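Below: one structure, written as structure tokens.
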There are 2 protein chains.
Amino acid sequence: MTKETTSAQRSRNTTLRDVAKAAGVDVSTVSRVLKNDKDVRTSAETRQRIIEAAERLKYRANPLARALKTAQSRTLLIVVPQIENPVFASAILGAEAEARARGYVLLVAYDQNGSAASVLERVSQSSLIEGVIIASFDEDDSLRQSIAAMNRPYVVINRVLPGDVPCVAVDTCAASAIGVRHLIDLGHRRIGHVAGRLGRFNGNARRQGWEEAMSAAGLDPDPQLVAEAGYDPERVPAAVDRLLERKVTAIHAATLLTGAATIAHLHKLGLDVPGDISVVTMHDDLLARVVYPEITTVGLPTSEMGHEAVRMLVDQLGMPSDAASQRPPVLLLAPGNLVVRGSASSLKI
Amino acid sequence: MTKETTSAQRSRNTTLRDVAKAAGVDVSTVSRVLKNDKDVRTSAETRQRIIEAAERLKYRANPLARALKTAQSRTLLIVVPQIENPVFASAILGAEAEARARGYVLLVAYDQNGSAASVLERVSQSSLIEGVIIASFDEDDSLRQSIAAMNRPYVVINRVLPGDVPCVAVDTCAASAIGVRHLIDLGHRRIGHVAGRLGRFNGNARRQGWEEAMSAAGLDPDPQLVAEAGYDPERVPAAVDRLLERKVTAIHAATLLTGAATIAHLHKLGLDVPGDISVVTMHDDLLARVVYPEITTVGLPTSEMGHEAVRMLVDQLGMPSDAASQRPPVLLLAPGNLVVRGSASSLKI
DNA sequence: TGCCTCTGCGAAAACGTTTGGGCAACTTTC
DNA sequence: GAAAGTTGCCCAAACGTTTTCGCAGAGGCA
């Protein structure tokens with residue numbers, strides 16, 4: 001079997017020099033023609049010859065050499081705290097598509113137990129990465145320092161940070177409000193909120209959305225109706241129990257995962273969903289449709305978030321540094337639509 | 001338009017030359033010392049000076065330049081058909097950790113609607129990627145041709161392919177059997193199988209595991225007890241209905257997702273799980289614990305799969321081509337343990 | 001004819017590494 | 001005390017691009 005593995009015997013790729021030789025011109029000319037240089041100044045005839053030769057020899061520019069020369073690797077990095085979280089998976093997907101469309105390559109790095117700092121540190125000194133998208137949970141100073149030290153353009157996603165930090169996030173406050181309003185429209189008055197991590201951007205925003213929707217409907221956003229569970233399904237039962245003590249008829253969960261756990265716990269207690277308690281969630285995903293009842297939830301444009309992030313990043317890359325401050329650096333994406341399924345119904349009196 | 005690339009104002013990284021100047025030696029000496037060259041021949045004193053200078057200047061070798069020179073980019077690529085599938089997410093996680101530990105960078109690419117071919121095509125001519133891990137669903141010829149044309153070492157994961165193809169997969173046949181045997185041990189005799197994609201590696205293997213466990217227990221592996229649902233939750237209800245007609249008392253689902261959908265559908269029909277029907281699944285994941293009842297399943301070493309894949313790939317990279325054929329190129333990972341939760345119980349007569 | 005401006009292209013210097021080949025000085029050997 | 005071997009380092013040529021500079025020749029203008 002022809003099993004050529006090591007780089008040593010791998011056939012050499014065709015280079016600029018090969019094309020130049022084939023077309024009978026200098027490498028510089030080939031480079032210019034193939035790059036479609038603006039001030040290109042070549043005869044149509046020569047250009048034709050070069051293009052044909054390149055075609056025939058299947059020439060592809062070596063990205064390494066190009067990057068070395070231009071200090072532009074056309075490579076972006078996205079740092080995520082976890083990949084199994086559907087929100088991040090979806091964001092990565094969107095970012096990858098956008099990056100690919102723009103001729104960039106997207107690298108994925110994981111920030112398990114705060115290792116983002118080390119990743120960024122490695123990035124900072126190598127010229128491999130042109131820009132970074134950061135989706136890390138960490139909001140402490142170490143990460144922020146790493147970001148600053150990195151000395152590369154970046155955009156933060158999934159949260160908005162104070163200061164002049166470019167961010168793109170979903171307006172989860174609004175998303176929350178939509179879900180809660182749906183419950184109100186169904187006649188519910190005592191609506192509990194299983195909160196995410198309070199103190200963090202999304203946790204706070206979602207809680208606030210609940211609060212605003214309640215207030216807007218003239219209902220009391222009683223803090224007693226909020227029970228924090230973070231992103232941890234293990235903490236959901238206790239939270240739900242507390243809410244049940246408060247005689248809620250509906251529960252609004254801050255994440256799809258905790259929402260599913262909420263329904264599971266209600267079932268465990270022998271309660272019917274939505275017969276006894278209605279449940280509404282946030283973020284739409286396969287998970288919402290493999291439980292019974294299927295979950296009513298409001299979609300989040302997480303994939304768009306990825307798209308927008310690389311769009312912003314690439315814009316930033318193409319701009320001289322002084323112009324960078326001119327555009328509004330934070331983008332808050334409108335939430336998606338309410339997807340009505342089976343986990344919420346009108347209040348039976 | 002002013003084409004002022006941002007790189008202009010970004011501070012230049014410290015280079016080999018800077019270190020050389022600081023230490024008062026030649027760049028070549030610095031290079032050798034820092035690489036810990038085997039036949040290094042430098043005085044301890046000089047070496048000390050160089051190391052200190054490098055430390056002080058925070059020198060990090062430019063991976064681009066190194067790759068250009070050595071044709072070794074220390075970059076691996078993993079091609080996955082979907083990232084939201086927990087199996088792949090977990091495999092990526094494992095692969096990334098192993099790659100990082102070995103000083104490699106792992107790139108992730110998506111093979112949405114068969115775009116892997118184009119990804120591989122781009123790879124083939126650039127010297128950026130040293131080796132590829134392929135987890136694509138596609139088993140048609142176009143992908144296989146792209147792989148061959150790529151002319152780079154690779155390993156296929158999540159399935160074993162015929163021929164001399166290096167593969168690492170989980171022994172899902174054995175995993176299946178474990179789950180089915182658990183049901184048998186609980187007293188079940190009529191056990192249905194909600195199959196994955198029959199005709200594909202994993203679909204077949206899991207079905208075969210069910211069959212073998214049934215036969216081993218002296219039960220009839222009646223083909224009527226098998227209903228295919230692929231990986232698509234939408235197809236689960238019909239499959240479950242068919243199984244119910246066959247009077248099964250337990251269902252073994254080929255994937256966690258379809259298993260969850262199975263439970264959901266049973267609930268929808270007003271059946272109790274595991275009171276009326278027991279359900280056992282494969283692959284352990286958060287999802288198994290946010291539904292009620294929590295799902296009894298057998299763990300799959302998907303993360304190990306990623307680990308092993310890069311281990312094999314890196315071994316391959318370091319070997320002369322003739323030695324490559326010596327080691328057994330396919331690795332079948334033993335399944336994990338049965339995780340008993342609440343979705344299966346002993347048969348009530 | 002002399003001068004100037006375009007055109008079309010080549011020469012060569014980078015980018016930051018790695019690496020083979022050398023060359024002194026110093027040590028051993030006879 | 002000279003030949004031979006060792007040690008410690010430097011020189012320079014790559015790797016495959018991009019890009020600045022410059023140089024011939026062609027044409028325009030006086």
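Keep in mind the model is a prediction, meaning the values are calculated, not measured. Letters A, B, ... mirror the listed sequences (proteins, then strands); counts begin at 1.
Where B:Thr42 and B:Ala65 each meet DNA chain D at their nearest nucleotide, the meeting point lying more 5' is that of B:Thr42.
Proximity note for B:Thr46 (side chain, C-beta onward) versus C:dG16, D:dC9, D:dT18: the nearest is D:dC9. Nearest to the side chain of A:Thr70, among D:dT18, D:dT17, C:dC9, sits D:dT18.
Rounded to whole angstrom, the span from the CZ atom of A:Arg60 across to the C1' atom of D:dG16 amounts to 16 Å. The distance between atom CG of B:Leu68 and atom P of C:dA14, rounded to the nearest whole Å, is 17 Å. Distance CG (A:Leu34) to C1' (C:dC9): 16 Å, rounded to an integer number of Å. What separates CG of A:Asn62 from C1' of D:dT17 is a distance of 8 Å, to the nearest Å. Per the geometry, CZ belonging to A:Arg41 stands 13 Å off P belonging to D:dC21, to the nearest Å. Rounding to whole angstrom units, CG of residue A:Asp18 and P of D:dC15 are separated by 11 Å. Protein atom CG of A:Leu16 is 10 Å distant from nucleotide atom P of D:dG16, rounded to whole Å. Look at CZ on B:Arg49: it is 11 Å from C1' on D:dC9, rounded to the nearest Å.
Two residues are said to be in side-chain contact when any heavy atoms from C-beta on lie closer than 4.5 Å; A:Pro153 and A:Glu130 fail this criterion. Side chains of A:Arg32 and A:Thr42 form no contact here, defined as non-hydrogen atoms less than 4.5 Å apart. Residues B:Val33 and B:Val30 are not in side-chain contact: their nearest non-hydrogen atoms beyond the backbone lie 4.5 Å or more apart.
In this structure, the separation between CG on B:Leu313 and CD1 on B:Ile133 is 5.5 Å, given to the nearest 0.5 Å. Note: A:Leu16 CG to A:Thr29 OG1 = 9.5 Å, rounded to the nearest 0.5 Å.
Salt bridge status for B:Glu52 with B:Arg49: absent, with no side-chain N to carboxylate O gap under 4.0 Å.
For D:dT7, the base has no donor-acceptor partner in the side chain of B:Arg32 [N/O atoms by modelled type, under 3.5 angstrom].
Proximity of a side-chain donor or acceptor of B:Ser31 to a complementary backbone N or O of B:Val27 within less than 3.5 Å is not detected.
Of the residues in residues 21-31 of chain B, those with a non-hydrogen atom less than 4.0 angstrom from any atom of DNA chain D are B:Gly24, B:Val25, B:Asp26, B:Ser28, B:Thr29.
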